[in-house]
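Comments concern the structure below.
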Amino acid sequence: MIKKVRPHITQNEPLLFERSSPGKKGYQLPDLDVPAIDPTQALGAANTRAEIEDFPEVSEVDVIRHFTRLSTWNYAIDLGCYPLGSCTMKYNPRVNELVARTEGLAWIHPYQPESLAQGALEIIGVLESMLAEITGMDAVTLQPAAGAHGELTGILLTRALLQSRGNARKKVLVPDSAHGTNPATATMCGYTVENIKSNDRGVIDIATLSQAVTEDVAALMVTNPNTVGVFEEDIKKIAEVMHDKGAVVYMDGANMNALVGIARPGDFGIDVMHLNLHKTFSTPHGGGGPGSGAVAVKKHLEPFLPGPRLKRDGGKWSWNYDLPQSVGRVRAFYGNFGVLVRALAYIMAHGGPGLRVATMDAVLNANYLRKLLEPHYQIAYQAPSMHECVFSDDRQAKRGVRTGDIAKRLIDYGFHPYTVSFPLIVHGALMIEPTETEGKAELDLLADALISVAGEVEQDPEMVLKAPHSTRTSRVDEVAAARRPILRWKPQSTASLAAD
Amino acid sequence: MIKKVRPHITQNEPLLFERSSPGKKGYQLPDLDVPAIDPTQALGAANTRAEIEDFPEVSEVDVIRHFTRLSTWNYAIDLGCYPLGSCTMKYNPRVNELVARTEGLAWIHPYQPESLAQGALEIIGVLESMLAEITGMDAVTLQPAAGAHGELTGILLTRALLQSRGNARKKVLVPDSAHGTNPATATMCGYTVENIKSNDRGVIDIATLSQAVTEDVAALMVTNPNTVGVFEEDIKKIAEVMHDKGAVVYMDGANMNALVGIARPGDFGIDVMHLNLHKTFSTPHGGGGPGSGAVAVKKHLEPFLPGPRLKRDGGKWSWNYDLPQSVGRVRAFYGNFGVLVRALAYIMAHGGPGLRVATMDAVLNANYLRKLLEPHYQIAYQAPSMHECVFSDDRQAKRGVRTGDIAKRLIDYGFHPYTVSFPLIVHGALMIEPTETEGKAELDLLADALISVAGEVEQDPEMVLKAPHSTRTSRVDEVAAARRPILRWKPQSTASLAAD
Amino acid sequence: MLDTIGVPDLESLFSHLPDDVRIQKPLNIPAGKSEYDIIDYFKARGAENANGYASFLGAGVYNHYRPVMVDTIVSRGEFLTSYTPYQPEISQGTLTSIFEFQTMVCQLTGMDVANASMYDGSTAVPEAAMMAVRVTGRDRVVASRAVHPEYREVLRTYAQHQGMPVEDFGYDAKSGQIDLADLESKLDNKTAAVIIQSPNFFGIIENTKQAAQLAHSKGALLIFVFTEAASLGILEPPRDADIVAGELQSFAIPPSYGGPFAGVIAAKEKFLRQMPGRLVGESKDTHGNRAFCLTLSTREQHIRREKATSNICTNQALIALMATVYMSVYGKEGLRELAVQNMSKAHYLAGKLSPRFTGPFFNEFAVKTDGHSAGEVNEALLPKKIIGGLDLERFYPELKDTMLLCCTEMSRREQMDEVAQAFK
Amino acid sequence: MLDTIGVPDLESLFSHLPDDVRIQKPLNIPAGKSEYDIIDYFKARGAENANGYASFLGAGVYNHYRPVMVDTIVSRGEFLTSYTPYQPEISQGTLTSIFEFQTMVCQLTGMDVANASMYDGSTAVPEAAMMAVRVTGRDRVVASRAVHPEYREVLRTYAQHQGMPVEDFGYDAKSGQIDLADLESKLDNKTAAVIIQSPNFFGIIENTKQAAQLAHSKGALLIFVFTEAASLGILEPPRDADIVAGELQSFAIPPSYGGPFAGVIAAKEKFLRQMPGRLVGESKDTHGNRAFCLTLSTREQHIRREKATSNICTNQALIALMATVYMSVYGKEGLRELAVQNMSKAHYLAGKLSPRFTGPFFNEFAVKTDGHSAGEVNEALLPKKIIGGLDLERFYPELKDTMLLCCTEMSRREQMDEVAQAFK
Ligand SMILES: Cc1ncc(COP(=O)(O)O)c(C=O)c1O
Ligand SMILES: Cc1ncc(COP(=O)(O)O)c(C=O)c1O
């Protein structure tokens with residue numbers, strides 16, 4: 001029985017272009033206090049355009065209604081649990097939005113004198129040291145813009161280190177459970193990828209690994225806890241094996257929400273890792289970013305970090321550009337500063353003890369769900385779960401219903417689905433990460449919904465296959481979208497739907 | 001056919017009290033930097049309470065979800081046209097919200113030294129003079145908190161004036177089309193109310209009025225344009241009739257949105273009037289306030305205005321409390337300052353010319369709707385419409401469908417209904433005020449919806465009587481609510497509905 | 001659109017207005033400004049007011065921390081840009097939150113019913129008095145001089161033409177609490193209500209029980225007024241009062257130079273039908289789902305017109321929502337902890353000074369400025385970016401060289417020490 | 001919950017972690033702070049930075065007015081707290097706005113297709129270069145020295161291990177535009193792409209047509225880079241380019257010390273399958289309603305893994321939404337008027353100084369500081385609360401005593417006059 005939602009009306013809304021009518025205005029500029037210049041005269045006709053063809057013309061009220069109506073078509077954390085595995089969709093404290101908008105922080109230019117940016121530098125400095133403490137690493141760069149960008153940085157560092165030792169090597173080992181960004185990153189750094197098969201406990205098999213590690217191997221990209229939510233208990237041994245062969249251990253830290261305050265990668269043999277500040281440290285996901293992919297390293301990798309590096313002397317912060325061994329910039333300026341501010345605010349609000357409690361609650365919630373769901377869904381691996389629990393759709397598949405269908409039906413129950421069919425090593429995976437900010441009531445509703453769906457799969461698989469049934473947009477034809485891509489509005493193409 | 005909305009799911013949400021569980025916390029206070037005091041010791045057990053019985057205990061994420069979910073059950077201007085007659089539901093520019101939150105304006109104490117409040121006083125001073133210019137009156141007080149409060153102030157002023165002339169008189173004349181606050185106000189000021197019957201053109205009949213005006217009559221409370229949206233063309237004559245008998249003419253300015261920049265009450269014989277800043281000057285209605293009921297008067301009433309009065313000398317603003325003839329304060333401090341800031345921002349954004357254009361567009365929109373709807377609904381009066389048009393449900397009533405039912409059905413079409421069964425002189429009134437901030441597209445949808453409903457009334461009145469059909473909450477039993485009032489949650493009373 | 005209407009131009013829409021009624025020259029208001037200019041203008045005005053000052057002013061307006069959650073919620077267009085919930089089917093968000101507001105106000109005050117809000121505390125007082133008059137059929141009210149002076153002014157303004165004589169009674173010069181003897185002497189069988197405030201204007205906690213006994217013994221109602229809602233986190237609620245008229249500014253409502261605030265009236269169930277203002281009640285929809293709606297509107301002006309319990313229409317809904325969110329964020333524990341912090345700070349500062357009254361106080365207290373005048377003490381504080389207390393002589397001639405100081409959770413120890421210094 | 005799981009306490013949930021893996025002592029991070037303390041802390045940090053200064057810095061980050069509407073929209077929880085729209089049935093809000101973003105970017109740039117965003121302009125450049133390599137099957141890229149120096153650094157970082165040699169070509173010392181002869185000399189049949197920026201780092205508008213002809217004549221693609229999106233309101237879009245890699249910071253994205261910003265890649269339709277990043281496409285739902293969804297994801301890492309077009313996953317959606325709202329507010333007329341204001345201000349100031357280059361410019365230009373060094377001029381401005389321009393020698397040793405100045409609609413005439421003064 002559906003307990004969490006009821007149908008209501010939502011406003012339709014055309015595309016902005018379909019709302020547009022010539023001459024409508026939503027802005028007013030201050031009066032120009034200097035002589036106006038004629039662009040064509042000043043720049044020549046060849047350099048100027050007559051108009052931005054088909055660009056929208058709408059009023060201020062059109063704009064607010066357009067986007068407000070659109071927003072009501074979205075699901076969001078503010079509306080309910082968002083158990084998207086591997087994405088750590090936790091509550092985003094609003095104070096972080098406020099402080100990030102402080103005039104002295106939001107309106108400072110990256111090239112203004114360092115003497116007029118000491119507050120910003122202090123924030124960066126403090127965050128770097130707190131992340132070093134949390135990860136147990138020696139140095140941190142905040143330049144990368146997201147996790148994948150952090151991976152790129154980390155593997156470039158790896159390569160630079162090995163290069164400095166005379167041989168950059170050829171291969172990067174990636175467990176078959178790894179996130180797609182791992183192999184993609186290795187390739188971008190000129191390495192070939194060798195997949196490591198996980199064992200029947202869902203973790204890296206030391207024997208398999210040992211065999212794979214040759215003089216050609218530059219690094220292992222390990223995710224811990226891994227993407228099936230299982231902690232790699234042999235991590236120290238794994239690191240040993242790699243280090244013995246002179247290879248580097250890179251840790252994908254996307255799952256740090258399971259470890260903060262409990263275990264530190266720096267203490268279990270990791271050389272370099274990235275953190276997803278937008279996951280573990282709760283900066284809003286914003287429909288797909290922005291993020292920050294801070295990279296933490298051990299001493300031996302520090303000389304290769306991207307520049308500039310922050311330094312402090314005589315009580316003053318400044319940027320150091322004199323870094324002979326640096327791999328070079330991975331982006332302009334100093335990173336997603338606005339995201340860094342939010343992450344630091346989050347850390348300050350929790351404090352050391354609070355961060356640890358958050359981690360424990362995250363693991364508690366995942367294990368609670370696992371317990372409630374295990375009778376109804378096939379758990380992927382028996383090993384204990386950390387911050388997320390992963391099931392397979394084996395039982396439901398027998399009735400012709402796959403994880404993606406169950407996900408769609410879950411929408412009718414008022415939830416955003418879990419992560420579908422990732423990791424790849426789990427056949428038809430349901431990857432569920434509740435995070436610590438969900439209360440028991442919401443978790444019970446989620447379990448209740450998934451159990452109810454499991455029942456529906458038995459009684460009426462057809463109905464489940466057609467879900468969702470209660471949303472303003474029913475199942476979308478993604479195949480058609482890819483077969484005949486329409487990636488932009490054009491005057492004719494969608495006019496017929498204007499009333500929509 | 002319903003073009004404006006589609007059904008979607010909305011989250012259910014229990015009452016905060018039903019979400020509550022002991023020990024949950026949504027706050028953290030700064031550390032106490034002085035010795036903590038034991039309340040019972042300091043104040044005595046008799047003066048202290050053990051706890052606030054049954055008060056909610058929830059987390060921060062509970063709070064944001066609770067109110068976010070609740071908000072999705074509301075209709076609002078940001079979602080679409082809100083043609084609630086007499087309420088002037090126009091778009092509320094968001095810059096007004098920003099400036100009202102400026103630290104130096106939002107965080108100043110009414111008793112702080114005037115030398116440290118000059119900016120606030122300047123805002124009040126400028127707004128007073130602009131409203132005087134707009135109304136054509138001589139002086140303005142911004143103390144009243146809303147329209148009805150302004151009426152109270154205005155009638156108190158009237159009484160004080162007449163008193164000073166030796167006789168406060170007994171009666172206030174109120175047209176039968178007047179808003180309920182008018183007669184209620186007269187009573188609060190110790191006057192008896194005499195209703196003036198409107199003529200068949202929906203306006204005040206000079207003959208009827210002349211008869212009613214005796215030496216006992218203190219004032220006439222006239223609304224212009226009146227509540228049927230018709231301009232009292234004889235207003236000057238009306239004022240003459242009153243003035244000849246030494247009576248005062250009070251104007252209810254709730255409908256000033258039809259006159260700003262076009263005609264000024266001060267120019268057509270009004271002695272005292274109020275403005276609803278939250279209507280004409282677009283301060284957000286916020287689910288029912290706050291508002292501001294600025295009162296504007298002619299010279300002869302100025303001495304009686306509530307104190308303190310703003311004065312300026314030597315380039316400095318200050319409050320003058322020495323007002324021997326003042327009727328006294330109508331509220332503490334100086335008025336709804338935060339609302340005044342928004343109103344001034346609105347006036348500045350439009351400027352004189354812009355305000356006039358807004359008025360013309362408001363009247364344009366009302367007349368456009370009238371034209372489209374006249375074939376389908378019975379217009380209440382033939383007289384030309386100003387900012388709103390009022391119909392009666394005579395034709396639909398024949399099929400057993402009343403204005404209230406049509407309103408409910410309009411909800412299914414994605415609109416907030418017009419004002420229902422007001423004014424009382426129109427049998428089953430449909431009072432429609434689109435305001436100037438609606439575009440043609442939205443107006444066409446509204447007309448289309450109302451016309452479609454008119455058709456449904458003919459074909460399937462039963463269906464209309466059961467509307468709305470598509471909202472998460474169907475028709476509410478208001479009779480039961482009044483028969484057995486439940487005005488607060490109690491531990492038992494609603495526990496059963498916790499899942500709701 | 002003009003074509004549809006059948007007029008040549010916009011002007012023609014007004015052609016039926018007599019010439020001598022139409023405006024003669026354009027409004028003398030400058031042309032519209034850009035958003036950027038407007039923000040600039042108000043920032044400049046704000047800069048002309050006190051900025052970054054610590055303040056020890058209370059006296060009805062309190063400087064409490066305002067959680068970020070409050071604006072997060074009230075800024076949602078669905079709350080900000082809707083109006084009075086006349087149509088419950090598309091207003092359940094507002095209606096539900098008001099029902100919660102009414103409930104929390106009852107829980108705080110110990111009353112049975114509360115309305116959806118009044119303009120502010122000062123206007124709630126006369127409305128409460130008028131309510132008592134309707135309930136008792138008597139006309140006279142007596143009010144403590146320790147009730148906020150401006151509230152009493154408003155009471156007099158409202159009362160003057162309703163045949164509702166208002167008389168004050170005094171306070172005990174030593175304790176700062178109401179003078180029970182004087183109250184008793186002012187009571188008679190025409191008295192509809194006794195009005196007291198607690199904590200009173202001097203921050204002193206009144207003996208509500210005794211005041212209630214006295215009032216009831218003479219068949220009058222007790223109207224209990226509060227200006228510092230934060231005190232209800234720890235103080236015994238006025239269970240013996242008949243009507244409570246209060247101001248919720250302390251609950252996340254910015255001082256904003258005196259408004260908009262949110263007043264409220266709460267009362268014993270039996271007086272329900274005489275309450276002014278909007279009330280939200282619980283009911284069901286046709287499917288049996290719980291639903292809320294405005295109710296008992298037969299009390300109100302739009303139905304009852306000249307016989308209405310009040311003329312109030314638009315009230316302070318959005319501001320009341322701020323208070324509702326605030327109460328939700330702090331909750332049972334939070335309001336208590338907050339009250340304790342406020343008390344502790346006030347008692348810390350009072351400990352360094354010589355309070356004028358002996359009665360128990362919450363977060364406000366009166367002190368003699370001894371050597372110097374209150375004005376001098378405040379002058380001395382301004383350079384330190386501290387706004388001192390209220391000079392009580394302004395409202396109480398008998399209280400020369402006496403200052404009312406208020407401390408909240410926002411008052412810092414260093415600043416309080418500065419204040420103490422200034423008295424030296 | 002512990003009972004359900006069947007463990008005695010929270011600790012036990014971690015008992016399977018080897019002891020030597022678990023943390024040895026508590027994190028050395030102070031206890032949690034209150035919201036109020038946190039706001040205080042960041043206000044204090046903000047106060048340590050430049051506040052209330054007028055700035056003439058551009059160089060890739062521009063100081064444009066940010067309409068209030070932008071935060072009004074992006075602060076709505078439905079946009080702020082949702083993630084990548086994997087589930088289109090409950091993500092149409094995000095998907096529709098991205099589709100509009102893609103469309104507006106195409107309209108601005110004259111390209112056929114645009115993606116949902118890249119991290120920023122600087123990372124969009126190497127992604128565009130890699131895209132060109134995939135398209136042409138060639139490996140070499142040549143980049144104008146007048147492309148933002150930090151963008152070129154990033155290009156080199158990305159390129160170094162992909163067997164993608166990067167070579168610079170010069171600019172004309174007089175005009176400040178690319179040196180066509182030098183470009184031609186650097187082109188060969190291994191060249192996958194020519195990269196230029198316009199307005200370039202010196203603010204000069206490049207001759208994109210000629211650059212395109214040269215590139216195409218050698219079978220290379222032209223990659224057009226922009227850092228000042230506001231220029232596209234008036235400048236001829238790069239219709240002859242094959243790929244456009246740009247930064248949208250100018251569109252309501254606060255400078256925020258360098259990020260988060262929103263990069264974008266747009267291209268000719270035929271290169272679609274080689275585009276990196278997310279793409280939103282139009283489709284229908286089972287009821288035939290128009291619906292949007294992520295599409296062509298077979299290019300992406302989560303499907304293609306080591307063969308993906310890029311490793312990008314999380315991008316800059318919310319920031320892209322800011323730009324979308326900005327473009328909606330200004331619209332066709334607004335962006336043009338805005339561009340004219342920017343130009344007019346810059347040309348006003350340039351008129352009072354001696355520009356270093358002769359090429360046409362938009363809102364940025366280089367000037368010789370003559371007598372004094374760039375540093376001296378800036379020093380002289382600081383006391384006037386003005387942050388001057390960028391010392392070009394920092395990136396271009398050959399440009400001694402040369403400053404890059406930027407004016408936007410926010411630059412006030414008085415301030416520009418002050419700047420001119422400082423050169424005297
Ligand atoms: C396990 C894992 N690794 C890496 C990433 C990539 O991080 P980002 O999306 O911030 O680039 C993600 C997030 O999608 C992830 O879940
Ligand atoms: C005609 C008229 N007069 C007076 C009022 C009362 O104004 P307020 O609600 O601000 O007290 C209203 C608004 O409801 C009205 O429409």
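Just so it is clear: chains get the letters A, B, ... in the order the sequence lines come, proteins before strands, and each one is counted from 1.
Chosen from B:Ala263, B:Gly26, B:Ala480, B:Pro290, the residue pairing most often with chain C at heavy-atom distances under 4.5 Å is B:Pro290. When B:Thr471, B:Ile347, B:Val327, B:Asn365 are compared by the number of non-hydrogen pairs under 4.5 Å with chain C, B:Val327 comes out ahead. If you tally non-hydrogen atom pairs under 4.5 Å between each of B:Asn367, B:Val193, B:Asp267 and chain C, the highest count goes to B:Asn367. Ranked by heavy-atom pairs under 4.5 Å with chain C, the first of B:Thr48, B:Val363, B:Ile134 is B:Thr48. Of the listed residues C:Thr84, C:Thr314, C:Leu235, the one with more heavy-atom pairs under 4.5 angstrom with chain B than any other is C:Leu235. Contact count versus chain B (heavy atoms, under 4.5 Å) is highest, among C:Pro30, C:Gly93, C:Gly77, C:Ala116, for C:Gly93. Counting heavy-atom pairs closer than 4.5 Å to chain C, the top-ranked of the candidates B:Leu355, B:Asn336, B:Thr72 is B:Asn336. By number of non-hydrogen pairs under 4.5 angstrom with chain B, the leading residue of C:Asn378, C:Leu390, C:Leu318, C:Val325 is C:Leu318. Comparing B:Ala148, B:Gly328, B:Gly190 by heavy-atom pairs within less than 4.5 Å of chain C, the highest count is held by B:Ala148.
Proximity of the aromatic rings of C:Tyr119 and B:His149 is defined here by a centroid distance below 6.0 angstrom, and this criterion is met.
Dense packing is recorded around NE2 of C:His16, with more than 12 heavy atoms of other residues, nucleotides or ligands lying under 6.0 Å away.
Using a cutoff of 4.0 Å between basic side-chain nitrogens and carboxylate oxygens, B:Asp33 and C:Lys345 are scored as salt-bridged. A salt bridge does not link C:Glu333 with B:Lys25: none of the charged nitrogens is closer than 4.0 Å to a carboxylate oxygen. The residues B:Glu97 and C:Arg76 are annotated as not salt-bridged, no charged nitrogen and carboxylate oxygen being separated by less than 4.0 angstrom.
Looking at every heavy atom in both residues, B:Leu105 comes nearest to B:Phe337 through O-CE2, 3.8 Å.
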